[in-house]
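These numbers come from the heavy atoms of this one structure, side chains and all, not from hydrogens, waters or symmetry mates. Sequential numbering from 1 along the given sequence is applied to the chain's residues.
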Amino acid sequence: MVANSRILYLLFLFIIVNPKINSGQTKTPALERTVSINVANETMETVLDQVSKQGHFSFSFNPAIMDLKKVVTVKMKDKSVREVLEHLLSPGVKYKMRGEHIILTKAPVSEKTSAPSYYLISGYVTDGNNGNKIPEVSIYDKETRSSSVTNHYGYYELKVDRKTNSVQLIVNKQQFKDTLIYVKQSGNTIINVTIYPAEKLPEPVDSSGIKLEQVTEDQLAFIDFMLSEEQKANTRNVKDTLNKKFQLAFLPFIGSNLRLSGNTVNDYSLNVLAGYSMGTKKLEVAGLINIDRDSVQSLQIAGLINATGGPVNGVQLGGLINANMKTTKGIQLAGLLNCNGDTVRGFQAAGLLNVNLGEVHGVNAAGLLNASFGNIEGVQVAGLLNFSLKEIEGAQVAGLLNVAAKDISGTQISGLVNYASKVKGSQLAFLNISDSSSGIPVGFLSFSRKGYHTIEINADEVFQVNLAFRTGVRRFYNIFTSGIQTKNLENPLWHYGYGLGTAVNLGKKWWLNFDLTAQQLLKGGTFEELNLLSKFNVTLDKSLAKKFTVAFGPTFNFYASNTTVPYYKSDFSKLPPYTFSNESYSNDLNIKMWVGGKVALRFL
């Protein structure tokens, strides 16, 4: 009866939750709460009671699993409950936490008698300067790729799956000195580690290749959302570059390189869905996504996305996207987008977009848009738009629009508009715009701010008042013209037209102009059928002042009109003062030719 009463008392003592729970302590897991025990020759029962009271939690266990009357001496100051239990409990007693309870159980016999398939190494990592426990410290075995990261309380657990009795653990933490631990044992081991801050912090280093020992943390910051805090910590902390011949992965960190995949360079990598690694030397293939923190060489193939933080030297094939943060040398082919953060040397082809933040040396081909923010030495070809923020030495070819924000030495060809700051070459589009041009812009309308543009007032043998606008460069310009006869202003005969011209410098402010225009003639406000007057003008242009010239010269006229239109007999047939050729044809077409002349005043 007395024995039963004692058992009930112990169950009440260790199962009932201690009512003096400190609200601040409840935020910390029971095993990580700090206690101080200083007793000599006290029973195990007394010590456990002190631990539970200081930690503000309760124990739950069957008293039969241990000798509660066992006398112990304990002197531990500011230690976690976990550390105290590791010191107090025998190997035959295990513990686990559940809420505000720590449950003690007897270890299965099989755990004590059979050889374990792995070593369980655990403990705390502490700052040697101040004694604080350090979170997010990486501990790993380079050979087996087993790794762990300390939790918020500096605690780690590492399973080392190997049959030998020794292992070398590497302890890494940013801004702390690297530490090596040699463990020789045949069972679970508690290893508390003290590390010290580095005397001199390492300088940030940019990635330049697979052999680099340190990679900048934020090279692939855009994929951080895919990583757990532990995975991010490993990529930040581990300075050594690990090397493997082959990696097989299902998802990032679920594969042969385990949680150290982000620190491992592979010769060959097969990623069933997606893979994450330090780099690839020869071949990487993924069903969906390849992610490499550093360099990729030779060949990379992904069903959706290739993403690399370092240089690429070889061929990238992405079903949707190739995204590289550093230099690319070779070929990039993507169904949707190629994006590079540095220089591209080679050939790019994308179904929609090529976007390059650095220089381009080679060919960009895109179904929709090429956008380059660095100098270009090569060719941009796009179905819709080419854009360059800096200088171009080569060509831009687009279905709709080419934009060169600075100089282009070469050629721009588009279906609608070419724009460049300074053109050293040629432009071919419906509309060409530039700040200055030393080449030839060819289009319906070309305007160069520092080029050739004049307003001209002229008179010839047919129309007494004509107004023309010339724009482009002197070597090739567009002409827009209109004029009127003054003899019948109530119902005048007038024209509008378009033409092209070129000018040759004769020296001493003299120019020789060759103009070819076509003008549709109208009577009043009605538009009739073909009534076209074509002119070939040769004029001498003499500069009389800074922005004023006078021009004169002969004109060859070719006039084709329909004899059935109104006003033909009264006006159109009498248009020329004379002809040296006047022929009518069976299809109501009349053609007249004569030589005339014009004089003009031009305002630059």
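Residue Leu337 holds its CG atom at 8.5 Å from CG of Leu352, rounded to the nearest 0.5 Å. For the atom pair NZ of Lys75 and CG of Asn38, the computed distance is 5.5 Å after rounding to the nearest 0.5 Å. A distance of 4.5 Å separates CD in Gln348 from CD in Gln332, rounded to the nearest 0.5 Å. One finds the NE2 atom of His152 at 7.5 Å from the OG1 atom of Thr28 (value rounded to the nearest 0.5 Å). To the nearest 0.5 Å, atom CG of residue Asn290 and atom OG1 of residue Thr308 are 10.0 Å apart.
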For the pair Val171 and Phe176, evaluate side chain to side chain contact (heavy atoms under 4.5 Å, CB included) and give the outcome as yes or no after the intermediate values. CA-CA 10 Å; Val171 183; Phe176 281 79; over 6 Å; no

Determine whether Arg33 and Glu100 satisfy the following criterion, salt bridge (Lys or Arg N to Asp or Glu O under 4.0 Å), listing intermediate values before the conclusion. CA-CA 11 Å; Arg33 295 172 190 171; Glu100 293 301 313; 2.9 Å; yes

Residues Asp292, Thr280; criterion side chain to side chain donor-acceptor pair (under 3.5 Å); working and verdict: CA-CA 7 Å; Asp292 291 76; Thr280 301; 2.9 Å; yes

Could you go through Asn354 and Asn364, starting from their C-alpha distance and side-chain angles, then the distance that decides it, and tell me whether this counts as side chain to side chain donor-acceptor pair (under 3.5 Å)? CA-CA 7 Å; Asn354 288 312; Asn364 290 156; 5.5 Å; no

Stepwise, does the side chain to side chain donor-acceptor pair (under 3.5 Å) test hold for Ser60 with His101? CA-CA 7 Å; Ser60 177; His101 304 272; 5.7 Å; no

Test side chain to side chain contact (heavy atoms under 4.5 Å, CB included) on Leu180 and Ile170 and set out the steps. CA-CA 5 Å; Leu180 297 180; Ile170 301 173; 3.6 Å; yes

Would Lys69 and Glu45 count as a side chain to side chain contact (heavy atoms under 4.5 Å, CB included) if you check the C-alpha gap in whole Å, the side-chain angles of each, and the deciding distance to 0.1 Å? CA-CA 7 Å; Lys69 292 301 181 181; Glu45 176 183 342; 3.8 Å; yes

Could you go step by step and tell me if Asn271 and Glu284 meet the side chain to side chain contact (heavy atoms under 4.5 Å, CB included) rule? CA-CA 8 Å; Asn271 305 311; Glu284 185 171 37; 3.3 Å; yes

For side chain to side chain donor-acceptor pair (under 3.5 Å), just list the numbers for Ser138 and Asn172, CA-CA rounded to whole Å, side-chain angles, deciding distance to a tenth of an Å, and then say yes or no. CA-CA 5 Å; Ser138 295; Asn172 286 159; over 6 Å; no

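At a threshold of 4.5 Å between non-hydrogen side-chain atoms, the residues Ile37 and Val47 count as touching. Looking at heavy atoms from C-beta onward, Lys173 lies out of side-chain contact with Val149 at the 4.5 angstrom threshold. Using a 4.5 Å heavy-atom cutoff, the side chains of Tyr268 and Lys244 are not in contact. Counting heavy atoms from C-beta on, the side chains of Lys281 and Asn243 come closer than 4.5 Å. Contact check for Leu169 versus Leu158: side-chain heavy atoms found under the 4.5 Å cut-off. When side chains are defined from C-beta on, Val296 does not count as touching Asn313, because their heavy atoms never get closer than 4.5 Å. For the pair Glu83/Asn192, a side-chain contact is recorded, criterion being any heavy-atom separation below 4.5 Å from C-beta on. Using a 4.5 Å heavy-atom cutoff, the side chains of Leu104 and Leu89 are in contact.
Between the Asn340 side chain and the Asp342 main chain, no donor and acceptor come within less than 3.5 Å of each other. A donor-acceptor contact shorter than 3.5 Å is absent between the side chain of Asn324 and the backbone of Lys326. For Asn306 (side chain) and Leu317 (main-chain N/O), a donor-acceptor pair under 3.5 Å exists by modelled atom type. A donor-acceptor pair is defined here as one N or O able to donate and one able to accept, closer than 3.5 Å; no such pair exists between the side chain of Asn62 and the backbone of Ile65. Remark: the backbone N or O of Gly358 is not paired with any side-chain donor or acceptor of Asn356 at under 3.5 angstrom. Asn370 places a side-chain N or O within 3.5 Å of a backbone atom of Val381 that can act as its donor or acceptor partner. Side chain of Thr150 to backbone of Ile134: a donor-acceptor contact under 3.5 angstrom is found. For Ser80 (side chain) and Thr34 (main-chain N/O), no donor-acceptor pair under 3.5 Å exists by modelled atom type. The backbone N or O of Asp78 sits less than 3.5 Å from a side-chain atom of Ser36, completing a donor-acceptor pair.
Atom OH of Tyr153 is surrounded by more than 12 heavy atoms from other residues, nucleotides or ligands within 6.0 Å. Within a 6.0 Å sphere centred on NZ of Lys390, heavy atoms belonging to other residues, nucleotides or ligands number 12 at most.
Tested against Val193, the residues Ile139, Ile181, Val137 include a single side chain to side chain contact (heavy atoms under 4.5 Å, CB included) partner, Ile181.
In summary, Glu86 and Lys79 do not engage in a salt bridge, as defined by a charged side-chain N under 4.0 Å from a carboxylate O.
There is no side-chain donor-acceptor pair under 3.5 Å between His56 and Gln54. Residues Glu157 and Ser122 have side chains that never bring a donor and an acceptor to within less than 3.5 angstrom of each other.
Closest non-hydrogen pair, Ser52 versus Asp49, comes out as OG-O, 2.9 Å.
With a 6.0 Å cutoff to the six-membered ring centre and a 45° limit on the axis angle, Lys133 counts as a cation-pi contact of Tyr124.
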